[in-house]
Each structure stands twice: as C-alpha cells, then as structure tokens.
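A quick write-up on the structure given underneath.
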Amino acid sequence: MKAACVIPARYGSTRFPGKPLALDTGKFLVQHVYERAIAADCFDTVVIATDDERIYEAADSFGARVIMTSPHHPSGTDRIAEIAEKLPNEIFVNLQGDEPEIRPELLQKLVRLLDSQPDAQMATLATAIHTADELLSPNVVKVVCDLSGRALYFSRSTIPFDRDRHLRHQDWLPENVLKHIGLYAYRREFLLQYPSMPRTPLEKLESLEQLRAMEHGKTILVAKVDYQSRGIDTPEDYAAFVNAWRDGVL
C-alpha cells in the first residue's frame with residue numbers, strides 16, 4: 001500500500017484571505033499542517049496542491065513538495081483528482097491546509113481503514129457531538145452509519161432524529177450522534193473517475209460533495225475518533241491557534 005497526503009491550499013478565502021500564508025508563529029499556517037502530515041509517517045509523499053504562485057513559493061521555501069493545479073476546480077476532491085493523475089499512489093488523503101492541529105495518528109488510522117477494506121472507495125472520520133448547538137447548526141455536518149461503519153447519509157440537518165424524546169419535549173440530544181470531520185482518504189481509481197461523475201441532486205441540495213459519491217453508489221467508511229476538529233476559518237480562529245501554540249498547549 002502506497003499512500004500520498006495532498007494538502008490543498010488556496011489563497012482566496014472570503015473570511016480570511018491569504019490564510020495559508022499567515023505567519024504569526026514564525027511558520028506559515030500551511031507549514032504547520034505539512035509538518036503534521038510528515039509526522040504521521042504513513043505516506044510515501046506529502047504534497048501541497050495550490051493554484052497560487054505565492055503559496056507555491058512559500059511551500060518551496062520550507063522544503064515542501066508543491067504542485068500547481070488548475071484554478072477552475074469546482075471542489076476540493078476535483079483538485080485531489082488532478083494530483084492523482086500525476087502520482088502513482090494507491091491511496092490519497094485529503095488534508096485541508098487549515099487544520100494545523102490534526103493529530104498524526106488520525107491520518108494513520110484513516111489510511112489503515114481504507115487499506116483494510118478493498119471494496120470501499122473512500123474513508124473518513126467522525127466524532128461525537130456533545131452540545132445541542134452543534135447538533136442544530138447547519139455548519140456542522142452530521143453522519144449516520146450502518147452497523148459495519150459504512151456511511152448511510154451525511155447532512156447539515158439533525159440526523160438521526162430521536163422521535164420519542166422529541167415528542168416528550170425532553171432535552172433533545174440523541175445518543176451517539178456523530179459530527180463529520182472533513183478528512184478523507186480515496187482510492188486512486190475512484191479519484192480518476194470522480195471529475196466525470198455528474199453532480200447529483202442531494203449534493204446540490206446539501207452542498208456536500210461526498211454525497212455525489214454516495215448517490216453514485218460508492219462506499220464511504222467511517223471511523224469514530226475522539227477529536228474535536230478546530231480548523232482555521234477566520235482571523236479569530238487563527239489568533240486562538242497562535243495563542244495556544246505560544247503557550248505550548250499544542
């Protein structure tokens with residue numbers, strides 16, 4: 001099994017332009033992510049994929065492998081698919097360039113999960129939801145799985161719906177409700193097919209690209225982990241990360 005980690009990094013961001021190049025720790029934000037991927041020690045190659053020369057030059061400056069990609073990809077998976085055309089690896093992990101706190105063992109777990117089940121095309125991670133605010137937020141993607149850990153559905157809505165507790169007007173937080181962590185592993189052959197798959201009704205409705213794979217009959221494995229993802233979406237998120245980094249918490 002040969003696995004590659006691809007870190008997509010875009011300069012444009014509505015809430016935080018130039019995010020990958022934030023440098024308040026003395027390292028670029030994308031450099032922190034790159035170093036976490038290297039520390040996982042389960043990849044033959046780790047590559048930063050970007051469509052911006054500024055990010056290319058920054059990645060090159062700290063010794064990362066970096067590949068320029070098209071600026072016209074409609075989704076992150078399409079960008080990873082372009083990289084899959086250029087590399088021979090069997091498994092590709094999509095690690096977002098704004099996840100500097102990702103634990104290396106989670107990357108290892110994800111690769112092992114997909115490698116263990118050859119009939120599956122994708123694998124991802126999920127963690128428990130503990131608050132009603134997260135459960136009800138459309139910005140938190142929920143996932144339900146079958147008994148073997150294969151995804152049944154992803155939604156921005158509240159799934160599963162605990163009918164009996166809701167009807168009794170009790171505090172409504174279903175047991176074992178899962179929050180999706182946006183970290184994916186793909187088989188190369190699936191990635192090469194993905195760009196030619198037509199967008200699907202549920203994908204458009206929920207604005208969740210993993211639903212395209214499911215609507216086309218592909219299998220997504222889900223592993224439950226104890227991890228509260230803290231991606232960097234805003235300058236405020238980045239400031240909190242910098243403070244934690246300076247305090248030695250990370």
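As a basis for the values below, the full set of heavy atoms in this structure was taken, side chains included, without hydrogen atoms, waters or symmetry mates.
- At a cut-off of 3.5 Å, with distance as the only test, no side-chain donor of Thr131 or Asp133 sits close to an acceptor on the other residue.
- Within a 6.0 Å radius of CG in Asp146, other residues, nucleotides and ligands contribute more than 12 heavy atoms.
- With 3.5 Å as the limit, one finds no donor-acceptor pair spanning the side chains of Thr69 and Glu82.
- Counting only N and O atoms by type, the side chains of Gln121 and Tyr186 include no donor and acceptor under 3.5 Å apart.
- Note that the NZ atom of Lys19 and the OG atom of Ser13 stand 4.5 Å from one another [nearest 0.5 Å].
- A salt bridge does not link Lys109 to Glu105: none of the charged nitrogens lies less than 4.0 Å from a carboxylate oxygen.
- Atom CG of Leu183 sits about 5.0 Å away from atom CG of Leu110, to the nearest 0.5 Å.
- The closest side-chain donor-acceptor pair between Tyr153 and Glu206 falls under 3.5 angstrom.
- Salt bridge status for Glu134 with Lys179: present, with a side-chain N to carboxylate O gap under 4.0 Å.
- In this structure, CD in Gln96 is found 10.0 Å from CG in Asp233, a value given to the nearest 0.5 Å.
- The closest donor-acceptor contact from the side chain of Ser207 to the backbone of Lys204 lies at 3.5 Å or more, if one exists at all.
- The heavy-atom pair separating Ala120 from Arg187 by the smallest distance is O-NE, 2.7 Å.
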Can you give the donor-acceptor pairs under 3.5 Å from side chains of residues 241-250 to other protein atoms, not counting sequence neighbours?
{"residue": "Asn243", "atom": "ND2", "partner": "Ala239", "partner atom": "O", "Å": "3.3"}
{"residue": "Arg246", "atom": "NH2", "partner": "Asp24", "partner atom": "O", "Å": "3.1"}

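- When only modelled atom types and interatomic distance are considered, Arg212 and Thr200 share no side-chain donor-acceptor pair under 3.5 Å.
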Show your reasoning for whether side-chain contact (heavy atoms from CB on, under 4.5 Å) applies to Tyr34 and Cys5.
CA-CA 9 Å; Tyr34 176 82; Cys5 182; over 6 Å; no
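- Taking CZ from Phe154 and CG from Leu208, the interatomic distance works out to 8.5 Å, rounded to the nearest 0.5 Å.
- With sequence neighbours left out, the salt bridge (Lys or Arg N to Asp or Glu O under 4.0 Å) criterion links Glu35 to Lys27.
- Relative to the ring axis of Tyr227, Arg103 does not place its NZ or CZ within 45° and under 6.0 Å from the centre.
- Side-chain N or O atoms of Thr234 include none that pairs as donor or acceptor with a backbone N or O of Arg15 at under 3.5 Å.
- Between Arg65 and Thr45, the side chains place a donor N or O and an acceptor N or O closer than 3.5 Å (distance only, hydrogens not considered).
- In this structure, Glu90 and Arg188 have side chains that are not in contact, with every pair of non-hydrogen atoms separated by 4.5 Å or more.
- Checked by atom type and distance alone, the side chain of Arg36 pairs as donor or acceptor with a backbone atom of Ile102 at under 3.5 Å.
- Surrounding CZ of Arg10 are at most 12 heavy atoms belonging to other residues, nucleotides or ligands under 6.0 Å away.
- Using a 3.5 Å distance cut-off with no hydrogens or angles, the side chains of Tyr11 and Thr50 do not pair a donor with an acceptor.
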